[in-house]
Amino acid sequence: MYKKISLLTGSILLAFSAGAQAQTKWDLPSAYPASNFHVENLTTFIKDVDSLSQGKLKITLHNNASLYKAPEIKRAVQGNQAQIGEILLTNFANEDPVYELDGLPFLATGYDASFKLYQAQKPFLEKKLASQGMTLLYAVAWPPQGIFANKDIKQISDMKGLKWRAYSPVTAKIAELVGAQPVTVQQAELAQALATGVIDSYMSSASTGYDTKTYEYIKKFYDTQAWLPKNAIIVNKKAFDALDPATQEALKKAGAQAEERGWKLSQEKNKWYQAELAKNGMETIAPTVELKEGLSVIGKRMLDDWLKKAGADGQAMIDAYKKQ
Ligand code: PCA
């Protein structure tokens, strides 16, 4: 009898403590597949949030654009249909120049330079997102961008007429400037666009080449290392404010850890992705001097255009970047 009572008391206590710790459930849409390093990183982040918040904040990942397509995720977070989401910043270049900066070719070409560019961009990015009712939790760079094409490309004029997959306004602009035909296709639909011949070339990372099995259609990767765009994890401000202070801290801590881990993972896995491309018959080619020069002329022109659009804030970002 005594035993029974104590068991009962135990379960009541358990029920009570579970009830007292209100649990919050968030949805996290991402546009990339499970094999992608950003998504691997997100999976660890979600586990960390769970343990650091002592189970109070449960985040469900919806990867591969299964909940929202890439260009829709930002608005979903803004409207709190999703409380947290992953976006490719440069996808939103038409909304504000601050989103475009890390998508410009040949401004910041390696991981160190890209991280510096991020530090210069960050305060402006945070301000812009705050004005849209969101906060920046963390951002991680994609590996350097190169050109996937079967054609021999020795100079930019060789890119004329390519059926060029663009993922952002900037990558569409590059196509226009070299005389290629841009078609905007997000990564989740890229494999199909290759299979159906809608496109025959594009500029992106080895990571995306691997995720989409591009090697089944394209055999050359020109390693131009032109820029490193970033994915950002953004949070709806109202959803964040509704969390208790300890849970807010847990989320921020897990985010800071994910940012640090993500930049390392991007570099490490880039080597692995490149090896996988080679294993699957893709040749990595160093760009010729002419090709590099042609692309940097384009980069310079795009930066000038960007500075005109971005005004004083833009100049402040570039100055802060160059000062580091
Ligand atoms: N992969 C993404 C964006 C940048 C990258 O490396 C894509 O191709 O859609």
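Note that the coordinates shown come from a computational prediction; the quantities given were computed from them, not determined experimentally. The first residue in the sequence is number 1, and the count goes up from there. Read the numbers this way: they start at 1 and go in the same order the structure lists the ligands and their atoms.
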Which class fits the ring pair F148 and F221: parallel under 30°, tilted 30 to 60°, perpendicular over 60°? tilted

Presence of salt bridge, E72 and R75, under 4.0 angstrom: no

Does the pair D305/K173 count as a salt bridge with the N-to-O cut at 4.0 Å? no

Are the charged groups of D112 and K116 less than 4.0 angstrom apart, N to O? no

Donor-acceptor list for residues 180-191 side chains, cut-off 3.5 Å, not counting sequence neighbours:
unit_1	atom_1	unit_2	atom_2	d
Q186	NE2	Y167	O	3.3
Q187	OE1	T208	OG1	2.8
Q187	NE2	D211	OD2	3.0

Under 4.0 Å between a side-chain nitrogen and a carboxylate oxygen: does that hold for E95 and K74? yes

So what's ligand 1 close to, N/O to N/O, under 3.5 Å?
unit_1	atom_1	unit_2	atom_2	d
ligand 1	1 (N)	S204	OG	3.0
ligand 1	1 (N)	T208	OG1	2.6
ligand 1	6 (O)	Q145	NE2	2.9
ligand 1	6 (O)	S204	OG	3.2
ligand 1	6 (O)	S205	N	3.3
ligand 1	6 (O)	S205	OG	2.6
ligand 1	8 (O)	R165	NH1	2.8
ligand 1	8 (O)	R165	NH2	3.4
ligand 1	8 (O)	S204	OG	2.7
ligand 1	9 (O)	R165	NH2	2.8

